[in-house]
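Structure first, then comments.
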2 protein chains.
Amino acid sequence: MSDNGQTIERALRRRGVRLTRARRAVLDALLQTERHLTAAQVHSLGRQSCPSLSLASVYRTLALLQSLGHVQPVHGDDECQSYAIAPAAHSHQLICSSCGMTYAFSECDLSALVAEMEARTGFRIDAHLLELRGLCPKCRDT
Amino acid sequence: MSDNGQTIERALRRRGVRLTRARRAVLDALLQTERHLTAAQVHSLGRQSCPSLSLASVYRTLALLQSLGHVQPVHGDDECQSYAIAPAAHSHQLICSSCGMTYAFSECDLSALVAEMEARTGFRIDAHLLELRGLCPKCRDT
DNA sequence: GTAAGTGCAAACCTTTTGCAATCGG
DNA sequence: CCGATTGCAAAAGGTTTGCACTTAC
């Protein structure tokens with residue numbers, strides 16, 4: 001399993017979360033594809049390593065992983081029902097609009113923009129959601 | 001109706017879209033509240049001005065307005081089923097996490113970040129999704 | 001007048017939930 | 001061993017669709 005995988009498993013263990021076959025299957029599906037996947041896609045992929053995996057467990061596991069910050073929903077105008085690995089607590093995604101490949105990153109200096117918007121609107125801004133979209137190297141060259 | 005409303009109605013007319021009572025009701029609901037609303041919320045608000053308004057028409061109208069860029073979904077970790085007015089084609093939302101008030105803006109200079117991510121990953125980036133969250137002036141002071 | 005749009009109700013899908021059986025630590 | 005977790009099946013939502021009727025232009 002990838003480094004991400006080991007890190008996440010360690011974090012889960014630390015939290016006292018049981019590492020069941022079903023949970024590993026969900027995690028592996030997301031780690032192996034490096035793409036954003038719907039619950040149904042995770043289900044069918046996950047069945048390869050855990051044939052008894054139920055869709056209900058996929059949903060329960062995705063919710064668990066999301067609440068612990070290891071998985072993030074991918075938005076975009078239509079596909080808000082996909083999930084991808086999020087290595088860090090605050091992270092954003094760079095998404096290939098062709099193959100769905102995702103790359104997570106944490107850098108995002110929006111302080112100038114945030115300051116300007118606070119001054120203009122009187123809001124106090126404390127969070128943001130950022131996604132970048134484009135073509136990954138493979139899809140770009142084809 | 002607000003300026004936004006007049007501008008949007010003009011744009012719709014130009015496109016040859018019929019301005020029916022149902023469509024006006026949906027538009028008015030979004031324009032008047034200045035908050036992001038779910039389809040169900042638009043429905044019950046819209047019924048005040050169009051008592052026969054059906055939920056099906058709300059969905060059809062929201063899809064139409066979104067496809068024309070006048071309305072945008074509001075994301076956030078759970079509430080991807082809300083919509084808010086988007087005055088410009090490329091616009092982002094500043095959202096009050098307390099009352100749901102939205103403020104749309106178009107400025108977003110992410111060129112430095114985009115350039116860095118392109119260099120680091122080999123992606124060609126051509127779009128982004130950005131949302132800022134915080135407390136609006138009213139909610140901040142209470 | 002005519003085609004686009006509406007309301008209704010049924011169909012569809014995705015997601016959640018209750019419960020007995022199973023499994024991880 | 002014991003409680004957390006699972007799979008199943010049923011329930012619950014939310015969204016879409018077919019169709020006859022209505023309305024905007």
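When reading the values below, keep in mind they use all heavy atoms of this one structure, side chains included, and skip hydrogens, waters and symmetry mates.
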For DNA chain C, which residues in residues 14-23 of chain B have a heavy atom at a distance below 4.0 Å? B:R18, B:T20, B:A22, B:R23

B:L94-B:M101 co-clustered via ILVMFWY side chain contacts under 4.5 Å: yes

Is it true that the side chains of A:Q93 and A:Q72 contain a donor and an acceptor less than 3.5 Å apart? yes

A:L53 CG to C:dC23 P, in whole Å, measures 14 Å

Between B:P137 and A:F123, the two heavy atoms sitting closest are CD-CD1, 4.0 Å

Is it possible for you to say whether A:L37 and A:I8 belong to one hydrophobic cluster, with membership spreading through side-chain heavy-atom contacts below 4.5 Å? yes

Between B:E9 (CD) and D:dA24 (C1'), how many Å, whole number? 13 Å

What integer distance in Å separates A:H43:NE2 from D:dG7:P? 8 Å

Roughly, in whole Å, what's the span from CG in A:L62 to C1' in C:dT14? 13 Å

Taking the nucleotide of DNA chain D with the nearest heavy atom to each, does B:A39 or A:L64 sit closer to the 5' end? A:L64

Would you mind reading off the distance between A:R13 atom CZ and D:dA4 atom C1', rounded to a whole angstrom? 16 Å

Supply the atom-to-atom distance A:H43 NE2 to A:C50 SG, rounded to the nearest 0.5 angstrom. 9.0 Å

Respond yes when some side-chain nitrogen or oxygen of A:S54 is under 4.0 Å from OP1 or OP2 of D:dC8, and no when none is. no

Rounded interatomic separation in angstrom, taking CG from A:D78 and P from D:dG14: 19 Å

Of all pairs that satisfy ring-ring contact (aromatic ring centres under 6.0 Å, His included), the ones with a partner from residues 69-94 of chain A, not counting sequence neighbours: A:H75-B:H75, A:H90-A:H92, A:H90-A:H128, A:H92-A:F105, A:H92-A:H128

Protein-nucleotide distance (B:L55, atom CG; C:dA9, atom P), rounded to Å: 13 Å

In whole angstrom, what separates A:R60's CZ from C:dC19's P? 14 Å

